[in-house]
*Asks:* 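Sharing a structure with you now.
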Amino acid sequence: MSTRKRSDIWTHFGETSATEAKCMICKKKFSTKGGSTSNLRRHLKTSHPTVLLAQVRTETEDGSPAAAGAVSTTSTFAGPSTASTASSTPAASTTIQGAVRPRRPQQQTTMSSFVTRPMDPLRQNKLDEALVRMIACDFQPFSIVEDKGFKEYSHLLDPSYSLPSRKTLSKTVMPRLYDKLRSDIMEKIRNVSAVCLTTDCWTSITTTSYMSVTCHFIEDFQMTSYLLDCFHFSDRHTAAHLARELTRVTDEWGLGDKIVACVSDNASNIVSAVRDHLHWDHISCFAHTLNLIVKAALKEVQHIVQKVKAIVEYFHRSTVASEKLRATQKQMGQEPLRLKQDVATRWNSTYYMLKRFTEVKDPIISTLALINPSLPTLLPEEWEISREILEIIKPFEEVTTEVSAEKFVTVSKVILMTRGLQRIVARFQRNPSKFDPVKKLVDSLMSEMTKRFGRVEHNEKLADATCLDPRFKKQAFVSHQAAEDTVKRVTAAAAAINPVQHEEEDTSESAASASAGAMFWEDFDERVASLRPSAASSKTSDSMMEMRAYLAEPLLPRTSDPLAWWKRCSPVYKTLSEVMNVT
């Protein structure tokens with residue numbers, strides 16, 4: 001019979017044989033000849049120094065034999081002597097309905113009952129990783145583990161949890177978690193057939209240049225995105241240098257033959273890197289293109305924007321003026337609102353600045369009249385022009401917000417959004433404003449949109465994605481020819497991946513006829529074989545029938561999730577769903 005293990009070292013080791021034990025953390029095996037645990041303790045101290053030993057407490061189970069000296073009797077009568085005997089013998093057994101059950105001996109209270117037990121190592125590791133995730137997701141510093149309040153909060157949650165040091169977090173836990181997440185993402189990317197990349201370069205407030213690369217793919221009919229790399233980019237931003245870095249990142253992640261498109265801004269260097277050096281399909285960022293269009297159009301009303309910006313900057317600089325503005329808003333019964341300042345690289349920040357400025361119109365006029373600063377104030381007609389500017393560019397702000405979603409498919413909306421914006425601007429042209437700056441703003445918007453979106457329906461990537469969106473299909477196209485060309489292209493792509501099913505049928509039929517061995521059937525079989533369609537034509541006809549059935553389906557509501565529909569209907573439209581996954 002094996003000896004009972006009482007040492008605390010057996011919390012982290014398992015006995016594989018009479019002379020060998022295995023570490024439950026790293027799975028290494030060590031000798032325990034002669035019953036010594038020195039090897040085990042030495043390994044735990046050198047290889048796992050953060051692991052705490054927990055004292056093993058052994059307790060007598062209910063099914064264990066009764067203590068020595070216990071008397072088991074099956075008494076069939078009760079009397080005073082029996083009762084007194086039972087009460088005077090602590091280890092005596094009691095009889096319940098004729099069955100003898102030994103009484104469980106009482107446990108003596110020890111010091112360990114008043115001391116917090118060390119946490120299990122596996123739970124400690126899980127909590128450490130959860131702490132690192134929190135630090136990464138919430139952009140917290142590693143020094144948070146040294147903050148007094150955080151220590152008290154963690155102790156109240158679980159007194160047995162020992163907070164790791166900031167060095168342990170940064171040098172041990174985070175690298176281990178990073179390697180684990182990286183391997184998981186690598187496995188997911190290995191199993192997908194197509195990915196789309198997005199990349200961008202920017203300069204921080206400390207004039208440090210960075211570059212990021214993100215990949216997007218559909219996994220189990222859900223949109224999935226992962227940031228592959230974000231790194232300091234010190235070289236000149238030439239097309240060759242950008243292409244070199246993109247190649248490095250994609251090679252590290254094994255994406256070379258899976259990239260269907262790369263999305264970036266409209267800068268000539270990155271466009272050349274993607275198209276000319278890497279020979280990938282390039283898609284211009286829709287939000288960035290809208291930014292260029294509206295910024296170019298706002299130059300027509302720049303004198304009004306500059307006046308508003310100067311007033312907003314004054315209220316931001318002067319605490320006296322900002323306090324006076326807040327007091328004036330309260331006196332007028334309005335909610336105190338702070339003025340917003342625009343950012344040069346984001347046109348929608350100009351929209352938000354003008355919108356807030358017009359909302360606080362009366363308090364601004366009153367405050368400026370009281371403090372009398374030397375600022376160029378807006379004339380009455382300029383206030384009216386500001387209101388019309390907001391009305392015109394509001395749809396562009398709504399579209400920018402729509403395409404900024406991260407968890408939903410947006411590429412299939414680009415054609416519809418573009419045509420919708422063009423119709424809105426055309427309506428403003430048909431009903432022109434009485435102010436010349438507003439007329440020039442509208443004309444500039446239409447000119448820029450025509451230049452940049454004139455052939456948006458002929459962009460194959462955008463058109464295919466729109467056609468395969470069950471909310472839009474062919475109804476998203478204004479050009480009938482563009483819609484028909486897209487349907488033909490998608491059908492051909494489906495036929496190219498449609499499995500050959502008829503070759504097996506032909507093989508089985510020929511084998512059957514050969515086995516029959518009747519020569520008088522040869523003439524008939526030859527004439528029938530000439531009438532049968534070839535495998536290629538059969539694949540094309542099957543894909544055309546599948547496309548016709550898909551187009552005949554009613555359109556989904558505009559707010560529905562198209563990927564959820566494809567997940568539900570993929571057994572019906574097998575080849576089209578495969579095309580959708582790689583589009």
Side-chain angles (χ1 to χ4, degrees), residues 132 135-143 170-171 174-175 177-179 181-182 185-186 189 195-217 225-256 258-296 298-299 309 313 341-350 352-353 400 403-406 410-411 452:
V132 170
I135 290 174
C137 293
D138 298 340
F139 302 103
Q140 297 292 335
F142 287 118
S143 60
S170 60
K171 301 296 183 182
M174 178 165 278
L177 183 59
Y178 172 80
D179 293 338
L181 291 177
R182 181 183 174 90
I185 296 173
M186 287 282 288
I189 291 177
V195 300
C196 176
L197 299 182
T198 55
T199 183
D200 193 17
C201 296
W202 71 96
T203 303
S204 69
I205 196 172
T206 58
T207 67
T208 304
S209 181
Y210 292 94
M211 182 177 184
S212 67
V213 182
T214 307
C215 79
H216 315 267
F217 54 89
S225 301
Y226 290 110
L227 176 65
L228 301 182
D229 206 347
C230 180
F231 52 92
H232 171 50
F233 190 41
S234 58
D235 293 334
R236 293 179 57 202
H237 289 198
T238 62
H241 291 164
L242 294 172
R244 182 195 64 201
E245 293 299 327
L246 288 173
T247 302
R248 176 186 63 80
V249 174
T250 53
D251 288 346
E252 285 181 3
W253 292 88
L255 295 175
K258 298 183 178 183
I259 300 170
V260 296
C262 182
V263 181
S264 73
D265 58 25
N266 295 271
S268 59
N269 53 354
I270 188 64
V271 173
S272 176
V274 172
R275 289 179 178 172
D276 302 333
H277 290 74
L278 300 175
H279 306 291
W280 298 341
D281 287 340
H282 178 265
I283 299 178
S284 297
C285 175
F286 185 55
H288 182 260
T289 306
L290 289 180
N291 184 62
L292 297 177
I293 291 172
V294 180
K295 283 182 67 176
L298 286 175
K299 292 179 181 179
K309 188 173 182 179
E313 287 178 350
Q341 198 163 6
D342 70 341
V343 181
T345 56
R346 296 290 182 268
W347 79 264
N348 50 354
S349 64
T350 304
Y352 297 135
M353 180 183 71
T400 302
V403 298
S404 299
E406 293 184 358
T410 56
V411 67
R452 298 181 183 276

*Asks:* Determine whether more than 12 heavy atoms belonging to other residues, nucleotides or ligands lie under 6.0 Å from atom CZ of R244.
*Replies:*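 Yes, the 6.0 Å shell around CZ holds more than 12 heavy atoms from other groups.
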*Asks:* Would you say S284 and N266 are linked by a side-chain donor-acceptor pair, where the criterion is simply a distance under 3.5 Å?
*Replies:*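 A donor-acceptor contact under 3.5 Å links the two side chains.
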*Asks:* If you measure only the distance, is there a donor-acceptor pair under 3.5 Å linking the side chains of H232 and S209?
*Replies:*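 No - no donor-acceptor pair under 3.5 Å links their side chains.
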*Asks:* Does a side-chain heavy-atom distance below 4.5 Å link Y226 with T214?
*Replies:*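 They are not in side-chain contact.
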*Asks:* Between W347 and T400, does a side-chain contact (heavy atoms from CB on, under 4.5 Å) hold up when you go through it step by step?
*Replies:* CA-CA 10 Å; W347 79 264; T400 302; 3.8 Å; yes
*Asks:* Give me the atom names and distance for the closest heavy-atom approach of P175 to K171.
*Replies:*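 Shortest heavy-atom separation between P175 and K171 comes out as CG-O, 3.5 Å.
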*Asks:* Which atom pair, heavy atoms only, marks the closest approach of N269 to H237?
*Replies:*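 What the structure gives for the nearest pair is ND2-O, 2.9 Å.
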*Asks:* Just verifying a value: how many Å separate C215 SG and L227 CG, rounded to the nearest 0.5 Å?
*Replies:*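 The distance works out to 9.0 Å.
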*Asks:* Under the salt bridge (charged side-chain N to carboxylate O under 4.0 Å, His left out) rule, collect the residues that match up with E252, sequence neighbours excluded.
*Replies:*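 For E252 the salt bridge (charged side-chain N to carboxylate O under 4.0 Å, His left out) partners, ignoring immediate neighbours, are R248.
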*Asks:* Which pair of non-hydrogen atoms, one from H277 and one from A239, has the smallest distance, and what is that distance?
*Replies:*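 Minimum heavy-atom separation between H277 and A239: CE1-CB, 3.6 Å.
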*Asks:* Distance-only, no hydrogens or angles: does the D265 side chain make a donor-acceptor pair with backbone N or O of A267 under 3.5 Å?
*Replies:*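 Yes; at least one donor-acceptor contact below 3.5 Å.
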*Asks:* So, do I270 and T199 sit near enough that their side-chain heavy atoms are less than 4.5 Å apart?
*Replies:*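 Yes, side chains in contact.
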*Asks:* Less than 4.5 Å apart, side chain to side chain, heavy atoms only: is that true for Y210 and D200?
*Replies:*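 No. Closest side-chain heavy atoms not under 4.5 Å.
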*Asks:* Look up atom CG in L242 and atom CG in L278, then write down how far apart they are to the nearest 0.5 Å.
*Replies:*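 It comes to 9.5 Å.
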*Asks:* Measure the shortest side-chain to side-chain distance between W253 and R182 over non-hydrogen atoms and say whether it is less than 4.5 angstrom.
*Replies:*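 Yes, their side chains come closer than 4.5 Å.
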*Asks:* Can you find a heavy atom in the side chain of V260 that is under 4.5 Å from one in the side chain of W280?
*Replies:*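 A side-chain contact under 4.5 Å is absent here.
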*Asks:* Hey, could you give me the CE/CZ distance between M211 and F231, rounded to the nearest 0.5 Å?
*Replies:*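 These two atoms lie 5.0 Å from each other.
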*Asks:* Please name all residues satisfying side-chain hydrogen bond (donor to acceptor under 3.5 Å, both in side chains) with T350, sequence neighbours left out, ordered by chain then number.
*Replies:*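 Listed in chain order: D342.
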*Asks:* Before giving the answer on side-chain contact (heavy atoms from CB on, under 4.5 Å), spell out for T198 and V213 the whole-Å C-alpha distance, their side-chain angles and the decisive distance to 0.1 Å.
*Replies:* CA-CA 6 Å; T198 55; V213 182; over 6 Å; no
*Asks:* Between L292 and R452, is there a side-chain heavy-atom distance shorter than 4.5 Å?
*Replies:*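 Yes, at least one pair of side-chain atoms sits under 4.5 Å.
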*Asks:* Can you see which heavy atom on A344 is nearest to which on K295, and at what distance?
*Replies:*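 Looking at all heavy atoms of both residues, the shortest contact is O-NZ, 3.1 Å.
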*Asks:* NE2/H282 to OG/S264 distance, rounded to the nearest 0.5 angstrom?
*Replies:*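 Here the rounded value is 2.5 Å.
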*Asks:* Measure the CG-CZ distance between L255 and F217 for me, rounded to the nearest 0.5 Å.
*Replies:*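 Here the interatomic distance stands at 9.0 Å.
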*Asks:* Under the side-chain contact (heavy atoms from CB on, under 4.5 Å) criterion, do E313 and K309 qualify, and how do the steps go?
*Replies:* CA-CA 6 Å; E313 287 178 350; K309 188 173 182 179; 3.5 Å; yes
*Asks:* From L228 CG over to S212 OG, what is the distance, rounded to the nearest 0.5 angstrom?
*Replies:*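 Result: 10.0 Å between the selected atoms.
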*Asks:* So, do C262 and I283 sit near enough that their side-chain heavy atoms are less than 4.5 Å apart?
*Replies:*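 Side chain of C262 against side chain of I283, heavy atoms only: no contact under 4.5 Å found.
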*Asks:* Closer than 3.5 angstrom, by distance alone: can the side chain of H241 be matched with the main-chain N or O of R236 as a donor-acceptor pair?
*Replies:*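 Yes: the side chain of H241 pairs with the backbone of R236.
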*Asks:* Apply the test side-chain contact (heavy atoms from CB on, under 4.5 Å) to residues T203 and T208: give CA-CA distance (whole Å), side-chain angles for both, the deciding distance (0.1 Å), then the verdict.
*Replies:* CA-CA 5 Å; T203 303; T208 304; 5.9 Å; no
